[in-house]
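For reference, the structure is listed below as structure tokens.
The shown structure was predicted, so the numbers you read here are calculated from the model rather than taken from an experiment. Numbers restart at 1 for each chain; the letters A, B, ... are given by sequence-line order, proteins then strands.
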Amino acid sequence: MKKFINDVENVENEMLEGIVLAHPEYVTRLEGFDVLVRSDKKAGKVALVSGGGSGHEPSHGGFVGKGMLDGAVAGSVFTSPTPDQVFEAIKAVDAGQGVLLVIKNYTGDIMNFEMAAELAEAEGIKVVNVVTNDDVAVEDSLYTTGRRGVAGTVFVHKIAGAKAETGASLDDVKNTAEKVIANVRTMGVALKPCTVPAAGKPGFELTEEEMELGIGIHGEPGTERKPIQTADEIVDYLMERILKDMSPETGDEVAVMVNGAGATPPMELYILNRRVQQILAEKGIKVFKTFVGDYMTSIDMAGASITLLKLDDELKELLMAEADTIGFKM
Amino acid sequence: MKKFINDVENVENEMLEGIVLAHPEYVTRLEGFDVLVRSDKKAGKVALVSGGGSGHEPSHGGFVGKGMLDGAVAGSVFTSPTPDQVFEAIKAVDAGQGVLLVIKNYTGDIMNFEMAAELAEAEGIKVVNVVTNDDVAVEDSLYTTGRRGVAGTVFVHKIAGAKAETGASLDDVKNTAEKVIANVRTMGVALKPCTVPAAGKPGFELTEEEMELGIGIHGEPGTERKPIQTADEIVDYLMERILKDMSPETGDEVAVMVNGAGATPPMELYILNRRVQQILAEKGIKVFKTFVGDYMTSIDMAGASITLLKLDDELKELLMAEADTIGFKM
Amino acid sequence: MATKVEVLDFIRLFADKMTEHRQELTDLDQAIGDGDHGINMSRGMKAVIEKLPTFEEKGTDEILKSVGMTLVSTVGGASGPLYGTAFMKAGMVVKGKDELSEQDIINMFQEAIVGIQSRGKAVKGEKTMLDSIMPALDQIKASIEAGDSIEDAIVKGEQAAWDGVEFTKTIIATKGRASYLGERSIGHQDPGATSMAYLFQAAKEIAKK
Amino acid sequence: MATKVEVLDFIRLFADKMTEHRQELTDLDQAIGDGDHGINMSRGMKAVIEKLPTFEEKGTDEILKSVGMTLVSTVGGASGPLYGTAFMKAGMVVKGKDELSEQDIINMFQEAIVGIQSRGKAVKGEKTMLDSIMPALDQIKASIEAGDSIEDAIVKGEQAAWDGVEFTKTIIATKGRASYLGERSIGHQDPGATSMAYLFQAAKEIAKK
Ligand SMILES: Nc1ncnc2c1ncn2[C@@H]1O[C@H](COP(=O)(O)OP(=O)(O)O)[C@@H](O)[C@H]1O
Ligand SMILES: Nc1ncnc2c1ncn2[C@@H]1O[C@H](COP(=O)(O)OP(=O)(O)O)[C@@H](O)[C@H]1O
Ligand SMILES: [Mg+2]
Ligand SMILES: [Mg+2]
Ligand SMILES: [Mg+2]
Ligand SMILES: [Mg+2]
């Protein structure tokens, strides 16, 4: 394992220190907690809190700021944060209008965030939550824990955050978040696994000729292993899965996110994007706005995911609304 | 070599297609050329053109837009573009006020850009150039080609671009660029080499226990190979070299850039940044603004560089001026 | 019968086991999860041991609840709330008691299971920690009914826990992170079921002393 | 004496050699540069071969100039302007000629060197392509003066070019990308000097036919 780190036990903490030292104008750390909140706490609006394990940077601290999140809670690498940390975030950002928790659908995240919500409610804070589950690689059935929440979550932060900024009520912000969740789909692929610092070795092994399809964002193995293909073939496969699930119609408008997993250079993301756009053009689906870059990473994984979000007028307006955060500026 | 590509012969072209398809609101490609220009060409100002080999994304196309570059020329991976391409960029962006070429100090870049300038001057376009050379790893002496231009070049784009946006004359823009060049210093380190697609194998080999110090941005070997150290020790070494060369005084203000080489996750960049800031605080040097992320990459190298820019009032104001590009927004 | 000293010894021993098997549990979790179960459990139990001096003078019920709260606030992930709730619930059902009877011990495990199920919404056979704790408790109850001592019952219970761990290799995960693998999870042993079997191993070693 | 046909054959053979030695030149450049010299040269000469039909009917001078311009506009990097300028200058010095005399051939190499030096500002001994072209030309001139035929002179010139390549292993690079390595460049062979030696190899093989 080769990394710029000092001590595997302390990466999360030192990273948070590094973020705050870099961007004091954006984020402030709650003393004694692994929680980043807006440096310009805004009163009179619904507050948004998200979080999860560390290792997904710029998620989630990088999206704290105007028009997106009010607080982000960072657990250990790939481990959802504990309830007391989330509770602290909720208390810090609540401005009396209630708090929306944006949770990615993982057993651990849900349990920890729900326990935090229980603690907050006991103190009289209004807390509701939404659970993102955009990953089409995983079948959603009664007999599973449902789909995972992956890169599409960033669109929930952006759009629900913009909605909250308008002064909308907790219910309205929640409804908008639910609308994004209902319309966003993602699928990912890895060429090389990632290494959790404390584990010291990669989460799975791939030969030079293999790729892993249907990966999540925690370095877990994916749903399928295949011989490596060209960028276009890979995109064709991912898009087929996404479009099949989404079944958009000719004339529909979408936002596209081609997300890097951490060790994938922009060059490759843009080559993937090229094919994504070709396919959408062939199908007569209009691309309203495209995002290419590292938004929801898996530490140092070489991989990518493609996200499509079907838009209506409300979502379009909110997507384009001002956002000023470390990792997302509009 | 595992990459999201289709054909090693076509990565540069497909990447450019992918960029334009992603961000038509920012950049337009000159038909038949590997040149990106502002989609909203602005008249009545000095134009800036930069470029170099591909593989440094978001440099340089990602910095085309309001307040930064007017045109970016992309060569083959790590190979400076040819004079005819640069010439085409100059012709496309010149608005009658002249064109500033921002060249990184490499034999190839200088020769190709100068040949382009000769072609442009023959057509009556006023062209001047500046050569960036911020890399303190390489000794600057009469007997070498001088220092390399590396990540500090991004500050030249930002600040000279902002100056041009004020309507300043070609000479004034050039002077401001020279001021940045005189005050910016960088040094880099690699943990893992990068792979030029057409070469198919890494540019050098490092064992699990080695790192390469004093690297450039083209996957060349660095000036020194050492056993790997902790993040803090590495930063201590790089900062010592940078500060020695820069010799700032207590009370000086700087901008900091902790730049990723392409495959380094934000987590590690922030851990590096933490130590950078600690050192500056110890020395009584004030940090005016910090940038952490991938600005000048070396394809998929795992590595980083640290850049310090000493600021005065003019540079501060121009650094903070509006910029709206794919890869840099202020 | 279990004394407070035995309960404290059991906690310390379980903590040792989590440190000892940190890598094994992590490797199991790398195969079908995200490779942190050993890291999570050892971090949590290390924190418990560090905090132990602040609550070891209290009653057995309070001790168990504090262990649970410490796990909840230091582990995170799925295992934090699950193990944490299990210990808290176990503490609550022996409220005010210092010496624990056979029935108390059974009630504790029973309540732990209720806690795990109410948090995690899983049932037996979904390839989770329930697949070792549930057969273990069933076996303990059966042994006691058949006239075994609690010590012998726990010995047999541990065996049942390991049988449950073996069983997890044969089934598809439908809860937790491993469920995303679908068919590919078959053949792999569940990390949470394994750490739970080590909990019974610790209990056995204390009981047999 | 060299005919236009021989010049065209030489260009084609040099192109073949750049394709054949693409990997070798790239490997040399990986050691002390950025690993693209073979890629650059083969890309450039491939483009020359593709464009050849559009200018092969012209005079020798125009052919050489067109080769140079094609290299300038397809190679990039350091070698593009340098090789490009070399061919363009060589073409310019034989303006209007179709058959090339011994002196023409010497003048062409002489002008090529002038072109490389005016673009690259390097001298002999800086670990560049000059370290093979300059001794090669010196040798050719000396051979002719000593009464050798141009064919024999070129044979000896090629040998001098390779000796120059060997010499580059012993010196520090002070120009081009390899100069950033400082002392570490010692022991490595310069890629540009090597491709230049292949140019003389191509010339020799045509001369000896
Ligand atoms: N819903 C659930 N009910 C019971 N146990 C569960 C459930 N989900 C996961 N587990 C257990 O948790 C273990 C994983 O724990 P751990 O790796 O620490 O957390 P995470 O999955 O968040 O990384 C699994 O092996 C499984 O035994
Ligand atoms: N200033 C110079 N003068 C003469 N030859 C040079 C000079 N700089 C570099 N070269 C030659 O160019 C070669 C490298 O070419 P190439 O790898 O294609 O370009 P780049 O260095 O831009 O990647 C070197 O091996 C050297 O022989
Ligand atoms: Mg986890
Ligand atoms: Mg090059
Ligand atoms: Mg896990
Ligand atoms: Mg080269």
Side-chain angles (χ1 to χ4, degrees), chain A residues 8-9 34 52-53 55 73-87 106-116 135 137-139 141-148 193-205 214-225 298, chain C residues 22-23 25-27 29-44 46-47 69-85 88 115-116 118-123 125-129 172-185 188 192:
Chain A
V8 292
E9 302 287 327
D34 298 338
V73 196
S76 299
V77 174
F78 291 170
T79 303
S80 46
T82 56
D84 51 319
Q85 300 273 347
V86 181
F87 177 40
Y106 296 99
T107 312
D109 287 67
I110 291 180
M111 291 191 296
N112 286 289
F113 275 79
E114 280 182 352
M115 287 173 87
D135 187 1
V138 174
E139 245 187 287
S141 88
L142 269 178
Y143 307 104
T144 69
T145 38
R147 292 172 148 162
R148 297 177 286 215
C194 60
T195 303
V196 174
K201 62 185 176 67
F204 52 89
E205 302 278 348
I215 49 150
I217 55 171
H218 299 94
E220 342 53 324
T223 50
E224 221 179 320
R225 188 163 296 189
S298 301
Chain C
R22 183 175 188 269
Q23 193 60 48
L25 295 170
T26 296
D27 289 348
D29 198 31
Q30 280 201 327
I32 53 170
D34 58 350
D36 61 1
H37 187 59
I39 302 167
N40 291 344
M41 291 303 296
S42 66
R43 177 178 59 240
K46 216 177 109 187
M69 276 159 58
T70 305
L71 291 176
V72 164
S73 67
T74 56
V75 176
S79 46
L82 293 171
Y83 268 100
T85 304
M88 291 196 300
I116 292 170
S118 72
R119 273 278 155 235
K121 315 266 178 327
V123 296
E126 299 201 274
K127 200 173 186 129
T128 71
M129 55 179 72
I172 295 194
T174 49
K175 278 281 158 10
R177 226 176 259 288
S179 66
Y180 305 130
L181 281 179
E183 301 272 336
R184 286 175 86 187
S185 69
H188 295 282

[X] and [Y]: which non-hydrogen atoms are nearest, and at how many Å?
| X | Y | value |
| --- | --- | --- |
| Thr107(A) | Gly176(C) | OG1-CA, 3.3 Å |
| Ala199(A) | Gly35(C) | CB-O, 4.2 Å |
| Arg177(C) | Phe78(A) | NH2-O, 3.8 Å |
| Gly222(A) | Leu181(C) | O-CD2, 3.1 Å |
| Ala78(C) | Met111(A) | O-CE, 3.2 Å |
| Arg184(C) | Glu224(A) | NH1-N, 3.1 Å |

- How long is the span from the CE atom in Met69(C) to the OG1 atom in Thr82(A), to the nearest 0.5 Å?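 Nearest 0.5 Å value for the CE-OG1 distance: 12.0 Å.
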
- Task: Give, for atom CZ of Arg119(C) and atom CD of Glu114(A), the distance between the pair rounded to the nearest 0.5 Å.
- Result: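 Here the interatomic distance stands at 7.0 Å.
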
Side chain from CB out, backbone as N, CA, C, O: work out which of these in [X] comes under 4.5 Å of a heavy atom of chain C, or both, or neither.
| X | value |
| --- | --- |
| Asn112(A) | both |
| Tyr106(A) | both |
| Pro193(A) | neither |

- Query: What option among Gly214(A), Ala137(A), Pro202(A) has the most heavy-atom pairs under 4.5 Å with chain C?
  - Reply: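 Heavy-atom pairs under 4.5 Å are most numerous for Pro202(A).
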
- Task: With a 4.5 Å cut-off on heavy-atom pairs, point out which of Arg225(A), Met115(A), Glu220(A) contacts chain C the most.
- Result: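 Maximum pair count with chain C is reached by Met115(A).
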
- Side chain, backbone, both or neither: which part of Ala31(C) has an atom under 4.5 Å from a heavy atom of chain A?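 For Ala31(C), the backbone is the part near chain A, not the side chain.
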
- Portion of Glu183(C) that has a non-hydrogen atom of chain A nearer than 4.5 angstrom: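 When you check distances to chain A, no heavy atom of Glu183(C) falls under 4.5 Å.
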
Give the member of [options] that has the highest number of heavy-atom pairs under 4.5 Å with chain A.
| options | result |
| --- | --- |
| Thr85(C), Asn40(C), Ile32(C) | Asn40(C) |
| Gly120(C), Gly33(C), Ser79(C), Gly38(C) | Gly33(C) |
| Ala178(C), Gly84(C), Ser73(C) | Ser73(C) |

- Message: Is the shortest side-chain heavy-atom distance between Arg43(C) and Thr79(A) below 4.5 Å?
- Response: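 Arg43(C) reaches Thr79(A) side chain to side chain.
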
- Side chain to side chain, Asp27(C) and Lys201(A), heavy atoms closer than 4.5 Å: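 SC-SC contact between Asp27(C) and Lys201(A) confirmed.
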
